[in-house]
Amino acid sequence: MVKRWIDILLTLFLVLAGLVVLWVFVQVFLLASFRIPSDSMEPELTEGDFVAVWKPTLGARLFDLNATLRLEQTEIHRMPGFRKVKRGDVLVFNFPHPNGWDKVEMHILKYYIKRCIGLPGDTLSIRNGKFRINGMAEPLGNTDSQERIGRTLPGEFPDGVYKAFPFDSILNWNIRNFGPLYIPKAGDRIKMNRTNYALYRKLIAYEQKTVIEYRDSTVYLNGKPMQDYCFQKNYYFMAGDKGMNSQDSRYWGLLPEEYIVGKAAFIWKSADPYTGRFRWDRFMKKIE
């Protein structure tokens with residue numbers, strides 16, 4: 001009798017262990033879920049949607065989970081995916097400024113979801129609220145929202161909405177007229193002057209893990225003057241579909257490739273955040 005109970009308990013333990021291993025495998029390599037916490041991606045996504053993030057499309061990430069849970073920065077490696085990021089992809093990513101907009105860091109528990117507007121190697125600008133890539137006037141993102149921004153006068157924007165990255169008094173960029181901003185790809189070399197210091201200092205400090213400064217018309221990296229810089233990583237420009245209410249690259253700058261979790265694939269659940277009522281019209285909706 002005792003042996004029978006031991007066999008039952010052992011079988012249950014093995015089944016439970018197998019389920020845990022399967023759950024971890026799915027979470028790491030295949031699928032993750034992300035709850036939409038705000039209206040920054042409306043109308044495509046709305047508060048209360050639960051989004052399935054399909055990781056094999058871009059490739060799953062491998063890193064030291066324990067280190068990230070201790071809020072330590074760690075190396076991130078990406079497995080091969082089916083394809084690369086495309087303009088227009090809706091991506092879930094680790095927010096690169098969890099402790100302030102002046103430093104690029106990863107927090108494993110802080111995620112954003114935005115639409116990719118600019119790829120590595122692109123030159124992005126905003127003219128009258130509309131995104132432009134490499135000078136071309138092709139529609140990108142939610143054009144209705146962009147047109148609304150273009151029609152809004154500077155003094156009509158809510159506090160903290162109008163002025164944009166890099167918040168530099170000479171460049172004076174804003175969400176109606178922004179750029180041109182070159183989006184670096186790995187291997188690109190740029191000249192280090194005042195403008196490029198303002199645009200890329202956070203990325204360089206993130207890659208080099210040291211201090212970068214500008215004084216006496218010279219850029220210094222770890223106390224040594226530098227004339228140019230070769231980027232080691234790829235970067236992306238991300239934006240919310242609801243342009244008047246989205247904390248995105250227009251404000252905090254460019255996203256490192258390794259912070260991308262995956263491409264949002266479909267809505268697997270949607271519930272009204274106030275009533276809890278299930279929204280069947282959004283169930284299994286593909287994300288475009």
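Computation of the quantities below employed the complete heavy-atom set of this structure, encompassing side-chain atoms and omitting hydrogens, waters and symmetry-equivalent molecules. On a predicted model such as this, the values are computed, not experimentally measured, just so you know.
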- Which is it for Asp241 and Arg115 under the side chain to side chain contact (heavy atoms under 4.5 Å, CB included) test, yes or no, and what are the steps along the way? CA-CA 7 Å; Asp241 284 356; Arg115 189 178 300 279; 2.8 Å; yes

Would [X] end up clustered with [Y] when hydrophobic side chains under 4.5 Å apart are linked, directly or stepwise?
X      : Y      : answer
Leu199 : Tyr220 : no
Phe167 : Phe237 : yes
Tyr274 : Phe278 : no
Leu109 : Ile260 : yes
Phe283 : Val53  : no

Any side-chain heavy-atom pair of [X] and [Y] under 4.5 Å:
X      : Y      : value
Asn234 : Ile183 : no
Leu171 : Pro166 : yes
His97  : Asn99  : no
Pro96  : Met106 : no
Trp173 : Leu181 : yes
Leu254 : Pro184 : yes
Leu203 : Phe231 : yes
Ile133 : Glu138 : no

Considering all heavy atoms, the nearest [X]-[Y] contact:
X      : Y      : result
Gly187 : Cys230 : O-SG, 3.6 Å
Pro158 : Met244 : CD-CE, 4.4 Å
Gln146 : Phe131 : OE1-N, 3.1 Å
Gly243 : Ser145 : N-OG, 2.8 Å
Tyr236 : Val85  : CE2-CB, 3.8 Å
Ile212 : Tyr197 : O-OH, 3.7 Å

Check this for me, if you would: do [X] and [Y] make a salt bridge, where the nitrogen-to-carboxylate-oxygen distance has to be below 4.0 angstrom?
X      : Y      : value
Glu258 : Lys233 : yes
Lys285 : Glu44  : yes
Asp89  : Lys86  : no
Asp272 : Arg277 : no
Lys242 : Asp39  : yes

Keeping the roles fixed (side chain from [X], backbone from [Y]), state whether a donor-acceptor pair exists under 3.5 Å.
X      : Y      : value
Ser40  : Ser246 : no
Asp216 : Thr218 : no
Thr152 : Arg148 : yes
Lys185 : Asp122 : no

Side-chain donor/acceptor pairs under 3.5 Å, residues 261-270, sequence neighbours excluded:
{"from": "Trp268", "atom 1": "NE1", "to": "Ser33", "atom 2": "OG", "distance (Å)": "2.9"}
{"from": "Ser270", "atom 1": "OG", "to": "Asp49", "atom 2": "OD1", "distance (Å)": "2.5"}
{"from": "Ser270", "atom 1": "OG", "to": "Arg279", "atom 2": "NE", "distance (Å)": "2.9"}
{"from": "Ser270", "atom 1": "OG", "to": "Arg279", "atom 2": "NH2", "distance (Å)": "3.1"}

- Message: Quick check on the 6.0 Å ring-centre criterion: do Phe165 and Tyr251 meet it?
- Response: no

- Phe93/Tyr259 aromatic ring centres below 6.0 Å: no

- Modelled atom types, side-chain donor and acceptor of Asp188 and Tyr182, under 3.5 Å: yes

- By side-chain hydrogen bond (donor to acceptor under 3.5 Å, both in side chains), which residues pair with Asp159, not counting sequence neighbours? none

State whether the number of non-hydrogen atoms from other residues, nucleotides or ligands found under 6.0 Å of [X] atom [atom1] is greater than 12.
X      : atom1 : value
Lys191 : NZ    : no
Arg83  : CZ    : yes
Glu156 : CD    : yes

- Task: Please name the residue in the list Arg201, Lys163, Arg194 that meets the salt bridge (charged side-chain N to carboxylate O under 4.0 Å, His left out) test with Asp168.
- Result: Arg194

Point-to-point distance, once rounded to the nearest 0.5 Å, from [atom1] of [X] to [atom2] of [Y]:
X      : Y      : atom1 : atom2 : value
Asn222 : Lys224 : CG    : NZ    : 7.0 Å
Arg282 : Leu45  : CZ    : CG    : 6.5 Å
Ile117 : Asp248 : CD1   : CG    : 9.0 Å
Glu105 : His107 : CD    : NE2   : 9.5 Å
Phe34  : Leu91  : CZ    : CG    : 11.5 Å
Met41  : Ile287 : CE    : CD1   : 8.0 Å

- Task: Apply side chain to side chain contact (heavy atoms under 4.5 Å, CB included) to Thr57 and Lys55, showing your working.
- Result: CA-CA 5 Å; Thr57 301; Lys55 295 184 177 183; over 6 Å; no

- Query: Please walk me through it: do Asn94 and Arg61 pass side chain to side chain contact (heavy atoms under 4.5 Å, CB included)?
  - Reply: CA-CA 12 Å; Asn94 294 107; Arg61 300 182 303 170; 2.9 Å; yes

- Message: Arg132: which residues meet the salt bridge (Lys or Arg N to Asp or Glu O under 4.0 Å) condition with it, sequence neighbours left out?
- Response: none

- Please walk me through it: do Ile204 and Met192 pass side chain to side chain contact (heavy atoms under 4.5 Å, CB included)? CA-CA 11 Å; Ile204 296 172; Met192 291 309 301; 3.8 Å; yes

- Query: Stepwise, does the side chain to side chain donor-acceptor pair (under 3.5 Å) test hold for Thr143 with Lys130?
  - Reply: CA-CA 7 Å; Thr143 55; Lys130 294 183 180 180; over 6 Å; no

- Query: Once the angle between the rings of Phe95 and Tyr112 is folded into 0 to 90°, is it parallel (under 30°), tilted (30 to 60°) or perpendicular (over 60°)?
  - Reply: parallel

